[in-house]
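Heads up: the structure comes next, in structure tokens.
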Amino acid sequence: MAREVGRVAVPDPGARLPGGFWEAVAVWLERPQVVNKRLCGARVEARRSAVLPRAEACGLRPSAGPEPEERGAAGSRAEEERGSPDRGAGPRPEEPAAVGRDPEGPGGRRARGPLAGDSGRPRGPAGWDDAAAALGSLWDDFSAGLAGCRADLLAFLSRSAAGSRPEAPLDVELVLRTLVPKAGPRRPPPAPRREVVVQERWHADGVVQPSPSWLGEELPARLARWSAQSRKSDFSATLSLVPVEQYSRTYQALKEKYRGLVKVWPEVTDPEKFVYEDVAIATYLLILWEEERAERGVVAKQSFVDLGCGNGLLAHILSNEGHPGRGIDVRRRKIWEQYGPQTRLEEAAITPSDATLFPGTDWLLGNHSDELTPWIPVIAARSSYDCRFFVLPCCFFDFAGKYRRRQSRKTQYREYLDFVREVGVACGFHVQEDCLRIPSTKRVCLVGRSRTYPAAAEAELDEQRARYIRSRQGPPSPAARGTAHPDGRGAGEAGGPWLPGFQPREKAEPVRNCAGLPRAFLDRVVLQVAGLLLRGRPLSPGGARSGAVQAWDGGESRALAEVARALDTETLQRLKRECGGLQTLLRNSHQVFEVVNGRVHFRDWREERPQERRPDACKTRICWFFAHHPDGCVLPAHRCPFAHGPGELRPPLTPKKKQQLP
């Protein structure tokens, strides 16, 4: 494809260019799913450098190339590869040509034009099992086509090396990658395609090979944004431990199978988020375990115990898919009643001790397991030599109490993940990290699949674990000295706690949603925040007004910190003590406010998407804007879901009857 598809300006306030551009291109090559949502991901199979046939061989003349400062001396890698026997045809110069940046500099390589490929098999003897051989075979075929005077494409590729010595070979870098489309609910997914960096023809199917209009309108803007951003990440790549193709197929199948749960979800939590998040986690584990069975040469499916299982959906899905196991949580949930007898869920508190070991279990799971998170590697290690673990940390807990930060150079999340990894290593596990594809900001998991020591060294390693746990707590208190066992497993009677001071969650979860605060107090805070957003413009409490929609004052957007400074200390402390803080109150007042990226503003109901509502779900509360905003409600009465005055009020909703799972 040799024509320009789009052009966009690249702002560079941080002086990231030109290195940032090549980093942005690498995002497109290695993670195209972040911009093309119809892809599940990509896998880079092979890389190599090659020599492009000279344009003069076809009577062509390269067009103007980059400025001299964009070119540098070729690195030793390019010089060595130029003399290798498997390179494409081309004269070898006496000195290396100036064709790109130092490969060890920013970006490490020079872009070689838009990269595309052929989904067919190579015609040479090499098969697809050897990616490097396949790439070489494809390049041989492609070079032969260029040498056959494909003038337009060869001229396009030759621009990147224009300005070098005429007799110098034109170096390009080749990348062979596999593009994995997403599976769809009503259509089979396109087959994964292998793609090479440049292609002679461009067949836009809109999925694996996007259309030129999409490339011109969407991709350049993304590349421009990535160019000026740092790609450095403290976390591993998404789904690095499982095959992306298999994940896509399995996830789509499980999503279709369990999507009915969304309609009958009895909890107050968001069913869309929690159902599909647990489906994604179950997908990951099922594939991880399938690969483990293949590696170990076993057929029996792994058993599991989900500690702190919460709504129990993960345990329900894994059990339904043939894995024997159970979930344990300190508090029973309403949804448990609807899973059926095949799903084993237990209401019990877990205190790490000899009484809470699981010697016959293959895997211990911790999905947002709170205070049990750092203990799960310990419990797994002491349950049996063959027990493995999977944890998805969320809230930050140490062995006893909240986790306290010890490093300021890392984010708290990164530091806590490193702590949990450290626990796993101290317990004798090879710990791997991966990033799940779930709708959550905390999506990094840690997996312990094997040990770093032989089974005969178990006693010695257990001493190491006990010393590590004690080292996290400092010197014991006088009371603890009388109860702690020298090996850190607890004192006196069998089954004693391994560490004094550990407190499991309370069975009754405290309500922190403003329900315990007086209505008058909450209304006063809402009016204070509203007045701040309206720049001190007087409100009209109790006075129903209907202003002109065209002149409706949407107020300002204010940072949460700025709003907090406008409130008195006693009010802030009361909010934090009773309902979790100011942000919780504002989020719960969703009829009035929106909180996005740490800033609060009025909700504009003109921008809300229309939703299907039960007839008796509307007009059950007075419209706050109609009653308090100086310009009234932005919507006419017949469109507003809230009552414009007492005359429109309806009785509150009657509770729904309990529905059963299909």
Original post:
Parallel under 30°, tilted from 30 to 60°, perpendicular over 60°: which one fits the rings of His316 and Tyr258?
Top reply: perpendicular
Subject >> Salt bridge present between Arg48 and Glu173 (N-O < 4.0 angstrom) >> reply: no
**OP:** Check for a donor-acceptor pair, side chain of Arg421 on one end and backbone N or O of Val431 on the other, with a separation under 3.5 Å.
**Re:** yes
Original post:
So, does Tyr339 use its side chain to make a donor-acceptor pair with the main chain of Ala315 at under 3.5 Å?
Top reply: no
Subject >> All pairs passing salt bridge (Lys or Arg N to Asp or Glu O under 4.0 Å) where residues 313-326 contributes a residue, at least two apart >> reply: Lys257-Glu321, Arg326-Glu346
Subject >> Pairing of Glu45 and Arg194 as salt bridge, 4.0 angstrom limit >> reply: yes
Original post:
Is the Trp28 ring parallel, tilted or perpendicular to the Trp214 ring (thresholds 30°, 60°)?
Top reply: tilted
Original post:
So which pairs with a foot in residues 279-289 pass side-chain hydrogen bond (donor to acceptor under 3.5 Å, both in side chains), sequence neighbours left out?
Top reply: Tyr284-Asp434
Subject >> Inter- and intrachain pairs under salt bridge (Lys or Arg N to Asp or Glu O under 4.0 Å), touching residues 271-283, at least two apart >> reply: Lys273-Glu277
Original post:
Who passes salt bridge (charged side-chain N to carboxylate O under 4.0 Å, His left out) against Glu292, sequence neighbours left out?
Top reply: Arg388
Subject >> Criterion salt bridge (Lys or Arg N to Asp or Glu O under 4.0 Å) on Arg333 and Glu267, from CA distance to verdict >> reply: CA-CA 8 Å; Arg333 307 298 202 277; Glu267 307 293 336; 5.2 Å; no
Original post:
Is atom CZ of Arg259 surrounded by more than 12 heavy atoms (other residues, nucleotides or ligands) closer than 6.0 Å?
Top reply: yes
Original post:
Is it true that a side-chain atom of Arg222 and a backbone atom of Val34 form a donor plus acceptor pair closer than 3.5 Å?
Top reply: yes
**OP:** Tell me, please, which residues at least two apart from Tyr416 pass ring pair (Phe, Tyr, Trp, His ring centres under 6.0 Å).
**Re:** Phe396, Tyr403, Phe419
**OP:** Give a yes or no answer on whether the side chain of Thr238 reaches the backbone of Leu436 with a donor-acceptor pair at less than 3.5 Å.
**Re:** no
Original post:
Below 4.0 angstrom, N of the basic side chain to O of the carboxylate: do Glu433 and Arg414 qualify?
Top reply: yes
**OP:** Say whether, by atom type as modelled, one donor and one acceptor occur between the side chain of Thr361 and the main chain of Trp363 under 3.5 angstrom.
**Re:** no
Validation: residues 248-255 side-chain donor-acceptor distances under 3.5 Å, sequence neighbours left out:
from   : atom 1 : to     : atom 2 : distance (Å)
Ser248 : OG     : Ala183 : N      : 3.2
Thr250 : OG1    : Gln246 : O      : 2.9
Gln252 : NE2    : Glu256 : OE2    : 3.4

